[in-house]
Amino acid sequence: MTASPAPPGPSSWIRRVRDLAREREAVLLAHNYQRPEVQEAADFVGDSLELSRKAAGVEGRVIVFCGVRFMAETAALLAPDKTVLLPDEGAGCPMADMLEAEDLVEWKKQYPGRPVVLYVNTSAAAKAEADLCCTSANADAVVASLPEEEILFGPDKNLAAWTQRRTAKRIIAWDGWCHVHQGILPRDVAAARTRHPGAVLWAHPECRPEVLDLADRVLSTGGMVREAAASAAADVIIATECGMLHRLRRDHPDKRFFPVKENALCPNMKKVTLPKIAVALETMAPRVTVPPEIAARARRAIERMIRL
Ligand code: 13P
Ligand code: SF4
């Protein structure tokens, strides 16, 4: 495979990436927070749960994961026969780094007998110490599926608090958070509501409880996509990472979607670019792999979630 000179604009880069994907028999999976041009180049765009499901059943030999490392690791766990590429090796998730496997081992010792529900925003090594994974789309169902009355839940304290509101069980939460969602404040909601009177507000459950209190709906990113198709609302304020706006605006040109604040951006999600995807496909690197002894245990926790 020979590298051609860099094409000039996004549409040429999209063509270049699509050509390379065809040559490599690669499937491009992109998270809803990816750059617009990356979403346009992808075969499938979705939330964490949808992308996990997709990775588990994908055709082709290669998965190019346009997202952050924990998502690519999950794809590697669910599709062990595929080569998984993460176009920027440094695309991590600071919230995932807040609960390492060693922390979890110590935490479990403090609460013997309690099952651990781990948000997918964690390393494979941490997942290997968990009983069951969840995403923001299924945390309620995952918690309800467990017979125990007390559950350890990490790393996101906001998703834990949101889940706690709708279960009689006791959720013991790790003190982690997403800096993008934690940075959305009630005063941002108030200002957005003043700018867009009459608009409804949908918030991601990684937002603070005080922000969720002000939302009309609390939804995962995939939930926002589905709600946009089902809802009669013409104007919607979105309280999550701004990449979400591209998908919603493209799918629903008849509606208006506004960011709750302009700079709710995840720098890690934005590290993936079309030129980096092209290089990844040309060089088949950087690859994401999970050591077999971790993979077997981490896969169990994810597959248990997918079966639900
Ligand atoms: P979703 O599962 O809703 O796509 O969220 C993933 C994420 O990283 C949110 O910050
Ligand atoms: Fe992690 Fe937050 Fe970025 Fe999602 S938006 S990948 S939780 S830092």
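One-based numbering, in listed order, for ligands and for the atoms of each.
- Using a cut-off of 2.8 Å, one finds that C93 contributes an N/O/S atom close to atom 1 (Fe) of ligand 2.
- Residue contacts with ligand 2 do not include H31, since none of its heavy atoms lies under 4.0 Å from the ligand.
- A donor-acceptor pair shorter than 3.5 Å cannot be found between the side chains of Y119 and S48.
- Contact atoms of ligand 2 toward Y33: 5 (S) (distance under 4.0 Å to a heavy atom of the residue).
- Within the listing of ligand 1, atoms 7 (C), 9 (C), 10 (O) sit less than 4.0 angstrom from a heavy atom of E206.
- Of all protein heavy atoms, the one lying nearest to atom 3 (Fe) of ligand 2 is C266 SG, 2.4 Å.
- At least one heavy atom of H204 sits closer than 4.0 Å to an atom of ligand 1.
- Close approach of ligand 2 to M95 (heavy-atom distance below 4.0 Å) involves ligand atoms 7 (S).
- Side-chain contact check for E40 and H246: at least one donor-acceptor pair (N or O, by modelled atom type) lies under 3.5 Å.
- With ligand atoms numbered from 1 in the order given, ligand 1 contributes 3 (O) to contacts under 4.0 Å with heavy atoms of S220.
- Contact between H31 and ligand 1 is present, with at least one heavy atom of the residue lying under 4.0 Å from the ligand.
- Side chain to side chain, S220 and H204 fail the donor-acceptor criterion of an N or O pair below 3.5 Å.
- S48 OG, 3.3 Å is the protein heavy atom nearest to atom 6 (C) of ligand 1.
- Coordination check, H181 versus atom 2 (Fe) of ligand 2: failed, since every N/O/S atom of the residue sits at 2.8 Å or beyond.
- Of the charged side-chain nitrogens involved, at least one lies within less than 4.0 Å of a carboxylate oxygen, so that R217 and E227 count as a salt-bridged pair.
- Looking at N121, D47, L51 and measuring to atom 8 (O) of ligand 1, the nearest heavy atom belongs to N121.
- Using the six-membered ring where Trp is involved, H196 and F258 have ring planes that are parallel, under 30° apart on the 30 and 60° scheme.
- Ion pairing between a basic and an acidic side chain is recognised when a charged N comes within 4.0 Å of a carboxylate O; E73 and K127 show no such pairing.
- The pair E89-K271 fails the salt-bridge criterion, with no side-chain N (NZ, NE, NH1 or NH2) lying under 4.0 Å from an Asp/Glu carboxylate O.
- The ligand atoms of ligand 2 that sit less than 4.0 angstrom from a heavy atom of P94 are 8 (S).
- For atom 2 (Fe) of ligand 2, the closest heavy atom belonging to the protein is C178 SG, 2.3 Å.
- Using a 4.0 Å cut-off between a side-chain N of Lys or Arg and a carboxylate O of Asp or Glu, R16 and D19 do not qualify as a salt bridge.
- How far CZ of F70 is from SG of C133: 10.5 Å, rounded to the nearest 0.5 Å.
- Neither the backbone nor the side chain of E241 comes within 4.0 Å of ligand 1, counting heavy atoms alone.
- For the pair S136 and ligand 1, a heavy-atom separation below 4.0 Å is found.
- Within the cation-pi definition used here (under 6.0 Å to the ring centroid, within 45° of the axis), R15 does not qualify as a partner of W13.
- Atoms of ligand 2 found under 4.0 Å from any heavy atom of N121, numbered from 1 in the order shown, are 7 (S).
- Side-chain contact between L212 and R208 is absent, with no heavy atoms from C-beta onward closer than 4.5 Å.
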